[in-house]
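As structure tokens, the structure follows; a few thoughts come after it.
Chain identifiers are assigned alphabetically (A, B, ...) following the order of the sequence lines, protein sequences preceding nucleic acid strands; residue numbering begins at 1 within each chain.
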Protein chains: 2
Amino acid sequence: MEIKVALFEDNKKLRESLEQLINNANGMICTGAFSDANRLIQNMQQANPEVVMMDINMPGVSGIEAVRVIKERFPNVHILMQTVFDDNDKIFAAICAGASGYMLKKTAPQKMIEAIWETYQGGAPMTSSVAVKVLQMFRLQTRVEKTEFIDLSEREKEILRLLVKGKSYKNIASDCFISIDTVSTHVRHIYEKLRVHSKSEAVAKAIFQKLV
Amino acid sequence: MEIKVALFEDNKKLRESLEQLINNANGMICTGAFSDANRLIQNMQQANPEVVMMDINMPGVSGIEAVRVIKERFPNVHILMQTVFDDNDKIFAAICAGASGYMLKKTAPQKMIEAIWETYQGGAPMTSSVAVKVLQMFRLQTRVEKTEFIDLSEREKEILRLLVKGKSYKNIASDCFISIDTVSTHVRHIYEKLRVHSKSEAVAKAIFQKLV
DNA sequence: ATAAAAATCACCAGTTCATGTGATTGTCAA
DNA sequence: TTGACAATCACATGAACTGGTGATTTTTAT
């Protein structure tokens, strides 16, 4: 039984050469090659693939959005992302959307075939530079801030939570049924306790220190 | 120039066969093979390796502890972990301690040599099953908020970072050597992309979505 | 080559914020 | 009962922000 591979890639030349590469490889067949993800569901049903190769940058529906949709509607399909750049944010977003693998387009054809095979088997093939970035991000996420003790009153905490939600003094006043001036006073006290001088500093500190 | 590889592995048979594998491979040489990490620093100075293969389970000083020490004392050395099990916690701990790669011991000899080579070049070779677990953990850690993909330009991200630090437009202008009006324009664009309408909302969203 | 996106700057009107000063009321512990 | 603190409100001013219009230059993608 051959692995059915579908292809989403807006560059015509690359799309065709990938299609050929897949069809020439043993044990796999390209059942669909599309230039965008605008008729994603339809294309997926038509191609009925086990593995999807998805370009991250496409006109219309982005590759990342497409991954999210595919993972929702066809959760058993494994997705191999393809991109020109090993850009942190996009890798991050693609992984979170549910992509299994992440290969740079410049990857050697033979390696690409191996990656498809690995993806099919439930692996997570990654270009070396991508793997390194994933580990870096992984370590960064784990960092813990040293927490200092900050003693806010209940009311102050309540108002700080509303600040974090992005509310203005006016909003907070009406939410809490108090006057704007009172909000202002509370905020002033919060600033003193947090030793900050603006809403955004307070919000950042509140979040990092997990005060909310 | 050959890659100098040091080996920490308590199983004598495995240690010797790995040593042989390395010495038989082109472009690398085993400059030290040790059964434990109890004389780690001394061994490291003696072997002076560029790549360390470290067993995760050893009597005495654990492989993970050893990684931490090596990364502290010899930060330029790349470390390839070796283990029998692909156990979540240990993978996690090893990565956080600073290991670059993570291979199961049952990996084919040829693949192991490739992994050493990749590690030397700053890559992060991982056994497929490990890579999958890393991605899983990665997603779990992130699954707090559903992350939407927000495509900010470099400049916008830079300015967003400064906003999170609590800087005013004036500060940002002087930090970035641009006019206040330019800062204002960038911020406007950031707001549009994040769909917010104030500094504090932007800051909160930036932090929660890990845009900074 | 050409269109799109990014980065830069300017002017402006209205809104919101930061901070100072001062005051009243209720609670609670010393 | 007195002082500390929390919560409430008021007035005021300068600074900072939001959002709209419009424009030029550079970079980037196709």
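- In this structure, of C:dT19, C:dA18, C:dC9, it is C:dA18 that holds the atom nearest to the side chain of A:Ser198.
- Between the side chains of A:Asn57 and A:Lys90, at least one donor N or O lies within less than 3.5 Å of an accepting N or O.
- With a 6.0 Å radius and a threshold of 12 heavy atoms from other residues, nucleotides or ligands, A:Lys165 has its NZ atom at or below the threshold.
- One side chain, B:Ser179 or B:Thr182, offers a donor N or O that lies under 3.5 Å from an acceptor on the other.
- For A:Lys199, the side-chain atoms get nearest to C:dA18 when compared with the rest of D:dT8, C:dA10, C:dA18.
- Atom pair A:Arg155:CZ and C:dG26:P shows a separation of 17 Å (rounding to whole Å applied).
- A salt bridge between A:Arg68 and A:Glu72 is absent, with no side-chain N of the basic residue lying under 4.0 Å from a carboxylate O of the acidic one.
- A straight line from NZ of A:Lys13 to P of D:dT30 spans 15 Å, rounded to a whole angstrom.
- We find that B:Lys193 and B:Asp151 are not joined by a salt bridge, their nearest charged nitrogen and carboxylate oxygen being 4.0 Å or further apart.
- Within a heavy-atom distance below 4.0 Å of DNA chain D, the residues of residues 163-177 of chain B found are B:Ser168, B:Tyr169, B:Lys170.
- The side chain of B:Glu156 sits closest to C:dA7 out of C:dA7, C:dT19, D:dT8.
- Under the 4.0 Å criterion applied to side-chain N and carboxylate O atoms, A:Arg15 and A:Asp55 are not assigned as salt-bridge partners.
- When the C1' atom of D:dC5 is taken as reference, atom CG of A:Leu152 falls 14 Å away, rounded to whole Å.
- Comparing D:dC9, D:dG19, C:dA7 by their nearest atom to the side chain of A:Ser179 picks out D:dC9.
- Distance from the side chain of B:Ser153 is smallest to C:dA7 among C:dA7, D:dA6, C:dT19.
- Judged by distance alone, with hydrogens and angles left aside, A:Thr185 brings a side-chain donor or acceptor within reach of the base of D:dC9, the pair sitting under 3.5 Å.
- More than 12 heavy atoms of other residues, nucleotides or ligands shown are found within 6.0 angstrom of NZ on A:Lys105.
- Nearest heavy atoms, A:Glu201 versus B:Gly166: CG-CA, 3.2 Å.
- Put simply, CD1 on A:Ile180 is 19 Å from P on D:dA7, counting in whole angstrom units.
- In plain terms, the two heavy atoms of A:Ser200 and B:Lys199 that are nearest each other are OG-CE, 3.0 Å.
- Atom-to-atom, CG of A:Leu14 to P of D:dA29 comes out at 16 Å; the value is rounded to the nearest Å.
- For D:dA6, neither phosphate oxygen OP1 nor OP2 lies less than 4.0 angstrom from any side-chain nitrogen or oxygen of A:His186.
- You'll find that the side chain of A:Tyr191 is closest to C:dA18, out of D:dT8, D:dA6, C:dA18.
- Checking C:dA18, D:dG19, C:dT19 against the side-chain heavy atoms of B:Ser184 singles out D:dG19 as nearest.
- Separating the CG atom of A:Leu162 from the P atom of C:dC17 is a distance of 13 Å, rounded to the nearest angstrom.
- In this structure, A:Arg188 atom CZ and D:dA10 atom P are separated by 14 Å, rounded to whole Å.
- When the C1' atom of C:dA7 is taken as reference, atom NZ of B:Lys157 falls 15 Å away, rounded to whole Å.
- Residues B:Glu158 and B:Arg161 are not paired through a salt bridge, judged by the lack of any N-O separation under 4.0 Å between the basic side chain and the carboxylate.
- With axes fitted over five pairs at each extremity, the angle between the ends of the helix from C:dA1-D:dT30 to C:dA30-D:dT1 is 70° (10° resolution).
- Contact annotation for B:His189: no contact, since no heavy-atom pair falls under 4.0 Å across all strands.
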